[in-house]
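Since the model is a prediction, treat every value here as computed from it, not as a measurement.
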There are 2 protein chains.
Amino acid sequence: MRPSSAELPVLGSGVIRERADAARNRLRILAAAERLFRTHGVAGVTMDDVAAQAGVGKGTLYRRFGDKGGLAVALLDQRERELQQRMLSGPPPLGPGAPAADRLGAFVRAYLDLVEAQLDLVLLSETSTPGARLRTGAHAFWRQHCRYLLAESDATDPELRADVLLAGLAAEQVRYWLRDEQRDLDVLARALCAAALSLLR
Amino acid sequence: MRPSSAELPVLGSGVIRERADAARNRLRILAAAERLFRTHGVAGVTMDDVAAQAGVGKGTLYRRFGDKGGLAVALLDQRERELQQRMLSGPPPLGPGAPAADRLGAFVRAYLDLVEAQLDLVLLSETSTPGARLRTGAHAFWRQHCRYLLAESDATDPELRADVLLAGLAAEQVRYWLRDEQRDLDVLARALCAAALSLLR
DNA sequence: TGACGAAGCGGACTGCGGTCCGTTAACCTT
DNA sequence: AAGGTTAACGGACCGCAGTCCGCTTCGTCA
């Protein structure tokens, strides 16, 4: 889909290596975007701004990241990978070893924290285009994990219920709870965990 | 928020009546939009197209409907009101008289049908701007209804669970299930009803 | 090391959503 | 019925996301 550092060709395989200027520009763009987003807020930065700040043409920006959402995806990549690692091989209850229900609760909590910490960026990555949320590589990962845990607990229709759960964790919805309804993050997390557990039956 | 025919000033109260040219233009615009959306698809129609086809300036379009999503909301208004009437005073299990759990299932089914029948329009109304979905008057209605039914069944945290349920019924998600995953509407409806019932406990 | 092919670059350009503000005409008042 | 008030109109205008295509530079291979 969208090229990000995660999906770039890897040295040694049959795939061609990333060209030097391309690599340099990719880093420049990411650095510039992060700086601008931090100081002006995600909404206050245009793609022209990013290109100019990175000292790069707009075409380069789009060739690399596809669209504004793709840029957000790339910026989120690092944090998401960390969480994914913890889920795959970290300590329980998030990592393997705990009962599926506990792991699901731990995931909801950890994912919610990640979304909250990067709300604007996640929102951008999920809403830049209708349906974007469901098309990122990261989303496929979260879904796969939830499906597995739901199936493990003999939930009916784990695929669909994983999607329902993740729909409830969409940035748009989380932002509404947190900002518009002023819900406390911890209380919200507990309530969502309980709802997730309900979906197990 | 967004002015729609539903919120227009009503004759007789202290509020000022809609001017004659305004009423004429409103109808022209809605007719033009419906015609264009039907023949060219929602995505293939620009606001300039609508204005031109309606024989009206663009400013008029925006003054009346706020943005493209507002136009979609207005077009959906009729169908949504019908469903709302059935929920408030139609026959059970959708209307009053049946157990809350049955009414919830009936709502999920009926709402899903409405979304499916007008997928592109609902999608537009929910995604024209991030968070639009949660801000329409209709959404407040669906939410209120679900909250009530959940509370009636002694569900924990009915407010939050209503939001989770409705997030799962968002047009973006429904389109994904129907179009990308090719799920059968009936099967999907049954699975979602089951998930909704799980949220009751 | 020179030269060739292709990946990558960059910025002018396009199209569309949304705004602004000078003009028009509906409705009220007397 | 004439005049004044003001809501409503309309289309030129703006900003930004995203595209296109002629030019540049990288990496390779002889």
Side-chain angles (χ1 to χ4, degrees), chain A residues 1-3 5 8-9 11-12 14-29 32-33 36-37 40-73 123-125 127-130 132, chain B residues 1-3 5 8-9 11-12 14-29 32-33 36-37 40-73 123-125 127-130 132:
Chain A
M1 246 262 87
R2 284 162 176 158
S5 61
L8 281 174
L11 220 142
V15 201
I16 309 109
R17 179 156 57 155
E18 186 185 22
R19 240 170 66 169
D21 52 347
R24 189 196 64 221
N25 284 334
R26 196 187 72 239
L27 296 177
R28 273 194 192 176
I29 290 169
L36 287 172
F37 285 161
H40 299 89
V42 171
V45 176
T46 70
M47 292 298 263
D48 288 88
D49 292 339
V50 176
Q53 177 75 211
V56 142
K58 224 178 165 191
T60 304
L61 198 48
Y62 278 97
R63 145 174 289 266
R64 205 139 272 299
F65 299 103
D67 64 11
K68 209 179 178 185
L71 188 52
V73 167
L123 187 68
L124 176 56
S125 77
T127 57
S128 66
T129 235
Chain B
M1 246 261 87
R2 281 163 176 157
S5 61
L8 280 174
L11 221 141
V15 201
I16 310 108
R17 179 158 54 155
E18 186 186 21
R19 240 170 66 171
D21 51 347
R24 190 196 64 219
N25 284 334
R26 197 188 71 239
L27 296 177
R28 272 195 193 174
I29 290 169
L36 287 172
F37 285 161
H40 299 88
V42 172
V45 176
T46 71
M47 290 299 263
D48 289 88
D49 292 340
V50 176
Q53 177 74 212
V56 142
K58 226 179 163 190
T60 304
L61 199 48
Y62 278 97
R63 143 174 290 264
R64 205 139 270 300
F65 298 103
D67 64 10
K68 207 179 178 184
L71 189 52
V73 166
L123 186 70
L124 174 57
S125 77
T127 58
S128 66
T129 235

Could you go through nucleotides 19-24 of chain D and list every protein N or O atom that sits under 3.5 Å from one of its N or O atoms, giving the distance for each pair?
none

Ignoring backbone atoms, establish whether B:Thr60 has a side-chain N or O less than 4.0 Å from OP1 or OP2 of D:dG10. yes
For B:Asp67 versus B:Ser128, what's the shortest heavy-atom pair and its separation? OD2-OG, 3.9 Å
Test: B:Arg24 and B:Glu18 ion pair at under 4.0 Å: no
Between P on D:dC9 and CZ on B:Phe65, what's the gap in Å once rounded to a whole number? 10 Å
Kindly say whether A:Val56 contributes a backbone atom to a donor-acceptor pair with the side chain of A:Thr60 at under 3.5 angstrom? no
Just to verify, what does A:Arg19 make a side chain to side chain donor-acceptor pair (under 3.5 Å) with, not counting sequence neighbours? A:Asp21
What residues from residues 40-47 of chain B pass a heavy-atom cutoff of under 4.0 Å to DNA chain D? none
Take the protein atom CG of A:Leu71 and the nucleotide atom P of D:dC16, then report the distance between them rounded to whole Å. 16 Å
Looking at residues 48-57 of chain B, who's got a heavy atom less than 4.0 Å off DNA chain D? B:Val56, B:Gly57
Side-chain contact, heavy-atom cut-off 4.5 Å: A:Thr127 with B:Thr129? no
In the 5' to 3' direction, the nucleotides of DNA chain C bounding the stretch that comes under 4.0 Å of a heavy atom in chain B are C:dC16 to C:dC27
Enter the distance from A:Ile29:CD1 to A:Gln53:CD here, rounded to the nearest 0.5 Å. 12.0 Å
Quickly work out the B:Arg64 CZ to D:dG10 C1' distance and round it to whole Å. 14 Å
In whole angstroms, how far is the C1' atom of D:dA8 from the CZ atom of B:Arg17? 16 Å
Which value, rounded to the nearest 0.5 Å, describes the distance between B:Leu71 atom CG and B:Leu61 atom CG? 6.0 Å
Closest heavy-atom pair, A:Arg64 versus A:Ala22, reported as atoms and distance to 0.1 Å, is NH2-CB, 2.9 Å
Sorted by chain and residue number, the salt bridge (Lys or Arg N to Asp or Glu O under 4.0 Å) partners of B:Asp48 (sequence neighbours excluded) come out as B:Lys58
Write down the atom of A:Lys68, the atom of A:Val45, and the distance for their closest heavy-atom approach. NZ-O, 3.0 Å
To the nearest 0.5 Å, what is the distance between CE (A:Met47) and CG (A:Leu36)? 11.5 Å
Taking only residues two or more places apart in sequence, or in another chain, which ones meet A:Ala72 in a side chain to side chain contact (heavy atoms under 4.5 Å, CB included)? A:Leu121, A:Leu124, A:Ser125
Taking CG from A:Leu124 and C1' from D:dC16, how many angstroms apart are they, rounded to a whole number? 14 Å
Rounding to an integer number of Å, can you tell me how far B:Asp21 CG sits from D:dA7 P? 13 Å
